Enquirer: 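Sending over a structure as C-alpha cells; questions will come in a sec.
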Amino acid sequence: MRYQTIAILSVAHFLSLLAVLRTYARRRWVTIVALLFPVLYFSVRWANYRDAWTELGIGFGIALVGILIWWVSYGRKLAPPKESSIRVWSEEDPF
C-alpha cells in the first residue's frame, strides 16, 4: 500500500467534492460534469492500470469523511454564494 498515493487521491477527491458543494445550486451540474466526473474517471482508469483499487478506495473514503467533517463543522454555516457579488468596473467607479 502506497501512502503517498492515498494522500494524493484523497486530496484530489476532497477538492473536487468541495468545489461541487460550493458552486451555485443551478450550476452544480456543470461542476459535476466538468470537474467531478473527470477526476473520478481518471482515478478509476489509473487504479485499473496500476491495480491500485485498495488505494483508490481508501483515498476516496478519506475524502468522503473529510468532506463530511468539513460540511458539519464549517460548511453548513456558510451563506450560499450570491451571483450578484460580481462587480463591473467602469471609468467613473474604477475601484
Side-chain angles (χ1 to χ4, degrees):
M1 189 174 338
R2 298 182 183 115
Y3 296 107
Q4 183 180 8
T5 304
I6 293 171
I8 291 170
L9 287 172
S10 62
V11 167
H13 290 160
F14 177 80
L15 291 177
S16 62
L17 289 171
L18 184 65
V20 169
L21 285 178
R22 290 301 302 156
T23 55
Y24 302 121
R26 286 188 250 160
R27 303 285 185 241
R28 193 161 288 150
W29 65 272
V30 174
T31 307
I32 291 171
V33 169
L35 182 67
L36 187 62
F37 282 165
V39 168
L40 292 175
Y41 174 75
F42 287 118
S43 297
V44 168
R45 292 274 311 243
W46 175 84
N48 191 26
Y49 176 73
R50 302 284 289 190
D51 197 27
W53 293 103
T54 306
E55 286 90 348
L56 178 64
I58 293 172
F60 190 70
I62 290 171
L64 284 178
V65 169
I67 206 71
L68 180 68
I69 290 171
W70 177 85
W71 185 75
V72 167
S73 64
Y74 187 69
R76 292 184 302 162
K77 299 173 188 165
L78 292 174
K82 298 178 185 175
E83 291 189 50
S84 63
S85 64
I86 298 173
R87 185 173 176 191
V88 179
W89 292 358
S90 65
E91 293 180 9
E92 292 84 25
D93 187 25
F95 298 104

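Just so it is clear, the model here is predicted, and its values are computed rather than measured.
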Enquirer: Under a 4.5 Å side-chain heavy-atom rule over Ile, Leu, Val, Met, Phe, Trp and Tyr, are I67 and Y74 clustered together?
Expert: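 Shared cluster, yes.
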Enquirer: Between the side chains of Y41 and R45, is a donor N or O closer than 3.5 angstrom to an acceptor N or O?
Expert: yes
Enquirer: Would you indicate whether the side-chain heavy atoms of L35 and V20 approach each other to under 4.5 Å?
Expert: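 Counting from C-beta outward, V20 and L35 never come under 4.5 Å.
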Enquirer: As a quick check of understanding, evaluate side chain to side chain contact (heavy atoms under 4.5 Å, CB included) for I58 and M1, giving each step before the final call.
Expert: CA-CA 10 Å; I58 293 172; M1 189 174 338; 3.5 Å; yes
Enquirer: Distance from S43 atom OG to N48 atom CG, nearest 0.5 Å?
Expert: 12.5 Å
Enquirer: Is the closest side-chain heavy-atom distance between H13 and L40 below 4.5 Å?
Expert: yes
Enquirer: For the CG atom of D51 and the CG atom of L56, what is their distance to the nearest 0.5 Å?
Expert: 11.5 Å
Enquirer: Do you know which two heavy atoms are closest between L36 and L17, and how far apart they sit?
Expert: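 Minimum heavy-atom separation between L36 and L17: CD1-CD2, 3.9 Å.
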Enquirer: Are I8 and L15 joined in one hydrophobic group, where the rule is that I, L, V, M, F, W and Y side chains link up if heavy atoms are under 4.5 Å apart?
Expert: no
Enquirer: Answer yes or no: is there a side-chain heavy-atom contact under 4.5 Å between W46 and L9?
Expert: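 Result yes, sub-4.5 Å side-chain heavy-atom pair found.
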Enquirer: Do you reckon V65 sits in the same ILVMFWY cluster as V11, going by side-chain contacts under 4.5 Å, direct or chained?
Expert: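 Result: no, two separate clusters.
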Enquirer: Apply side chain to side chain contact (heavy atoms under 4.5 Å, CB included) to residues I62 and F14 and explain how you reach the verdict.
Expert: CA-CA 8 Å; I62 290 171; F14 177 80; over 6 Å; no
Enquirer: Identify the heavy atoms of L21 and W71 that sit nearest to each other, and give their distance.
Expert: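 Of all heavy-atom pairs spanning L21 and W71, the closest is CD1-CD1, 4.4 Å.
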Enquirer: Check for me, please, whether F42 and W53 land in the same ILVMFWY cluster - side-chain distances under 4.5 Å, paths through other members count.
Expert: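 Not linked; separate clusters.
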Enquirer: How about W29: does its CH2 atom have over 12 heavy atoms from other parts shown lying under 6.0 Å from it?
Expert: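 Counting other residues, nucleotides and ligands, CH2 of W29 stays at 12 neighbours or fewer.
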Enquirer: Using modelled atom types and a 3.5 Å cut-off, is there a donor and acceptor pairing between side-chain atoms of R2 and backbone atoms of E55?
Expert: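 Answer holds: no.
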Enquirer: What are the two closest heavy atoms between S10 and A63, and how far apart are they?
Expert: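 Heavy atoms only, the tightest pair is O-CB, 3.5 Å.
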